Amino acid sequence: MAHDARPRRAGAEPQCRSHPRGWETALRLRVRFSKTGKIRFIGHRDVARVTERAVRKVGLPVAYSEGFSPRMRMSFGLALPTGYESDGEFVELPLVDSAVVDGVAGDTDALDGVDAPSAARGPAIVCRGGAHAPCEHEPELDAPSYCTIAEALSEALPVGMEVSAAVLTDGRGPSLQAAVRMCGWRFEIVGLDEAAAAKAVAALLAAGTVVTERVHKGETVRSDIRPSVEVLQVVGRSDLGAVLSAELSATPRVVRPSELVSALAPTHDMGKARRTHQWTCGAAGRAEPAVPSRCAQRQKETLSG
Amino acid sequence: MQQPRVGSDLTSWLFAYPDTYEIGLPNQGLQILYELVNERPDASAERAYAPWIDLEAEMRTHGLPLFSVDTHRAAGEFDIIAFNLSAELVYTNVLNCIDLAGVAVRSAQRSDADPLIGAGGHCAFNPEPLADFVDFFVIGDGEEVVGEITDVVGAWKHSGKRSGTREGLLRDLAGIEGTYVPSMYAVSYDGAALVEVTPRYPDVPPLVAKRTVADLADWPYPRRQLVPVTEVVHDRLSVEVFRGCTRGCRFCQAGMITRPVRERPAAQVREMVSAGLERSGYDEVSLMSLSTADYSGIAELVRDTVTVGAGGGAGADPSRISVSLPSLRVDAFTVDVAAQVSRARRTGLTFAPEAGSWRLRQIINKLITEEDLYSAVRSAYSQGWHRMKLYFLTGLPSEMDPDTEAIAHLAANCARIGQEYTKRASVTVSLGGFVPKPHTPFQWFGQNPPDELSRKVRLVRSALGRNRRVQLKWHDPAASTAEGIASRGDRRVGVAIEYVWRKGGTFQEWSERFDLALWQEAMSACGLDLDWYVHRHRGEHEMLPWDHIGAGLHRDFLWQDWQDALAGHGLPDCRWTPCYDCGACTEYGIEHIVASPVAPNGGSQGTGQDLATGHVVPVELRPRQLAGAGAPAGGGA
């Protein structure tokens with residue numbers, strides 16, 4: 001169910017935040033990465049810091065802000081709560097104007113030692129160590145995909161953060177944070193069997209409102225989480241208990257799986273939780289900002305096999 | 001990411017920093033040793049940091065031991081647990097970590113198979129307060145000795161750590177030059193007075209001389225600096241440009257015990273900077289030393305450093321590399337160098353005149369004039385900085401109220417200079433209570449009691465009056481008192497440290513956790529006189545608890561320098577002037593390694609020094625005690 005985004009309420013549309021000045025024209029590299037294992041315990045700001053260092057290690061031509069203390073420009077999707085794993089994190093990196101070289105017309109000196117890019121697939125991205133041509137193996141994608149950059153970034157990031165896609169997009173459109181409208185989750189409820197979990201899920205879905213309490217900035221806030229729940233189901237069990245999956249709309253507000261668990265089984269703890277997807281919604285239905293590239297998948301399988 | 005190997009046949013070190021991960025991770029000494037041990041095929045090294053009180057409570061509730069951050073291995077499984085001692089107030093944390101490791105806190109109660117507890121770092125130059133808890137101390141530079149210890153412990157490990165062999169192992173360790181094994185020494189007292197520290201075996205040296213690496217160029221470490229995924233106190237690349245300092249500031253233990261000056265070759269610094277930035281992804285590098293503006297050719301070095309990232313391609317824009325210089329020298333030249341490299345917003349700059357009056361600065365041998373400070377401050381304000389931070393010590397030898405009040409006078413003048421340049425000009429005065437340190441000319445001085453330090457803080461505050469441009473901050477005088485106990489204590493204060501730890505007194509360097517009443521209670525419960533240990537002046541012939549530890553400095557040099565201090569005589573920097581034979585070089589047959597025969601330009605700290613010096617220090621050369629087999633002979637003891 002619910003594979004189309006349906007605005008829940010007229011007044012709940014997220015405001016489309018505009019980018020800082022200077023962003024609109026730049027090409028952006030959109031990177032999809034995971035956050036699994038021990039690294040899930042670092043916070044959002046730490047993720048930004050390690051990403052910034054990885055970009056510098058790879059020598060990606062990412063734009064900096066102007067002013068006294070220039071910072072690397074980057075924009076993430078919805079923040080992942082600390083302690084949660086993810087298969088679908090995104091960061092957009094605006095590139096400097098001189099970053100791309102058209103394979104046919106461009107400065108081919110910069111491409112020394114690199115396969116000449118196919119003009120049909122897209123431009124090459126010039127990094128410190130050399131230029132990266134778009135991948136030839138994924139003709140079905142809309143945007144040029146750079147598997148060698150994905151690989152280099154994975155190598156530069158800490159263990160547990162793997163880059164599964166790096167695609168070039170034009171600079172138009174809202175920021176990822178504003179564009180993401182729905183997230184997919186998978187999470188455990190510790191000590192709850194599948195039957196009990198299914199019963200709790202059915203009860204929650206049948207309810208018109210599900211009011212939960214949470215502490216926000218030192219104050220207890222009561223709110224209805226039911227409008228955000230698009231999909232909720234039991235999908236199996238793990239060593240710890242039932243495993244559920246959910247698709248939660250980012251409007252009217254972003255709901256965390258832990259809030260679902262406290263509504264479903266107040267006396268049970270949540271085990272591991274993993275974000276599986278972030279979706280944007282457009283005229284053509286919902287879509288992920290970037291899907292895992294098959295090249296990157298293949299590399300991962302080769303490594304693990 | 002580096003992943004140490006694990007194997008039961010490897011001699012394993014756990015390098016532990018007795019404070020939180022955020023504070024401990026950047027420590028360069030620990031990282032150097034970690035890397036050196038891991039380069040050996042027969043050894044492995046991991047790291048641990050003190051768990052904060054909430055984590056400690058969870059660990060104790062669930063019966064979890066102290067474990068390594070690398071592989072989460074229990075601390076008790078390592079052959080050696082070695083602590084970095086950077087400050088005295090961490091001593092209770094050392095005890096807590098040993099206990100959390102599941103090891104007996106007192107060395108005497110450990111069994112043969114227990115890990116050896118080691119310690120090193122600047123505080124190890126007075127090891128006595130921790131003598132009952134630590135099996136061996138390393139005195140001085142660790143680069144060479146860490147390998148020698150690994151050899152000895154490895155041989156013992158492979159012989160099966162059989163019952164009854166630990167004493168023999170400790171005796172072997174005591175034979176390694178620069179390694180002090182407190183249980184190999186008997187200590188005798190006459191009432192309160194320390195009378196004698198004698199080796200218990202003939203092959204144990206009566207004086208443990210520090211280790212010094214002769215040439216930093218042989219040790220380009222860390223090559224693979226650890227890059228934390230969470231935020232830590234110094235989150236940038238660090239490259240040590242020289243070790244040692246001979247400015248001769250008399251309060252400064254680091255400058256006394258790390259002599260001589262050993263500069264890293266400029267080409268090697270450049271190589272370490274460029275390789276380090278590339279593999280870490282950092283955009284900031286700190287050029288580390290005790291006084292980086294004194295590095296030969298510092299201006300050229302920083303100019304090259306900011307362009308070092310220029311490897312082609314837009315991702316390596318050299319203008320993005322920023323350089324930080326710790327411990328700025330107080331003169332305009334230094335500020336110009338800082339201006340050249342500071343790419344970030346210019347907000348605050350820190351200087352350390354240390355004393356308010358020229359009279360007192362001569363006594364402490366911090367030989368900067370008021371004009372030096374004003375020209376530095378003027379230069380900084382004129383180049384866009386608008387907040388100056390000035391570090392001062394109070395409670396210095398012979399300090400009188402006009403000296404203390406002069407701090408306010410200096411700060412107010414700096415603020416006035418700032419107002420000529422910006423309306424936002426402000427000055428922050430940071431006031432620390434002076435704690436005399438072993439192996440310095442001030443080791444005989446009786447520390448000011450906390451109420452006297454508090455009075456001096458009030459004196460500065462009232463001298464500042466209603467000056468809204470000057471902000472005053474001060475270090476808790478009570479903490480200085482506790483630091484004084486551990487700084488110059490003897491073996492007997494160990495029981496008081498244990499008492500404080502048993503009463504929950506961990507993380508004593510954190511102001512929210514510090515409690516002087518607990519230390520006072522501990523001292524009196526253990527029958528120890530706090531005044532006698534901390535506040536009393538000591539005499540020329542009194543045996544000091546660290547007299548059997550050799551920092552290279554002749555005791556008569558230190559005494560003479562103490563007398564010169566009281567007479568107000570300065571002592572020039574021997575890097576650029578003739579040797580006055582403090583002992584640090586002559587004892588070891590080593591020399592300064594300095595690329596330039598003159599000081600980097602500028603101010604009284606540069607070439608313009610013109611000082612009334614003290615008389616020639618009488619020093620005689622005597623044959624040196626051979627501390628270990630195969631040690632080169634030379635110098636005197």
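Keep in mind the model is a prediction, meaning the values are calculated, not measured. Every chain is numbered from 1, with letters handed out A, B, ... down the list of sequences.
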> Is there a donor in the side chain of B:Thr71 and an acceptor in the side chain of B:Glu46, or the other way round, less than 3.5 Å apart?
Replying inline: yes
> Between B:Pro228, B:Ser280, B:Gly281, which has the largest tally of heavy atom pairs under 4.5 Å with chain A?
Replying inline: B:Gly281
> Most heavy-atom pairs under 4.5 angstrom with chain B, which of A:Glu52, A:Met72, A:Arg53?
Replying inline: A:Arg53
> A:Glu89 pairs by salt bridge (charged side-chain N to carboxylate O under 4.0 Å, His left out) with which of A:Lys35, A:Arg275, A:Arg32?
Replying inline: A:Arg275
> Heavy-atom distance under 4.5 Å to chain B: side chain of A:Ile39, backbone, both or neither?
Replying inline: side chain
> Passes ring pair (Phe, Tyr, Trp, His ring centres under 6.0 Å), A:His44 versus A:Phe76? Steps please.
Replying inline: CA-CA 9 Å; A:His44 188 64; A:Phe76 288 87; 5.3 Å; yes
> Could you walk me through whether A:Tyr146 and A:Ser293 pass the side chain to side chain donor-acceptor pair (under 3.5 Å) check?
Replying inline: CA-CA 9 Å; A:Tyr146 297 82; A:Ser293 91; over 6 Å; no
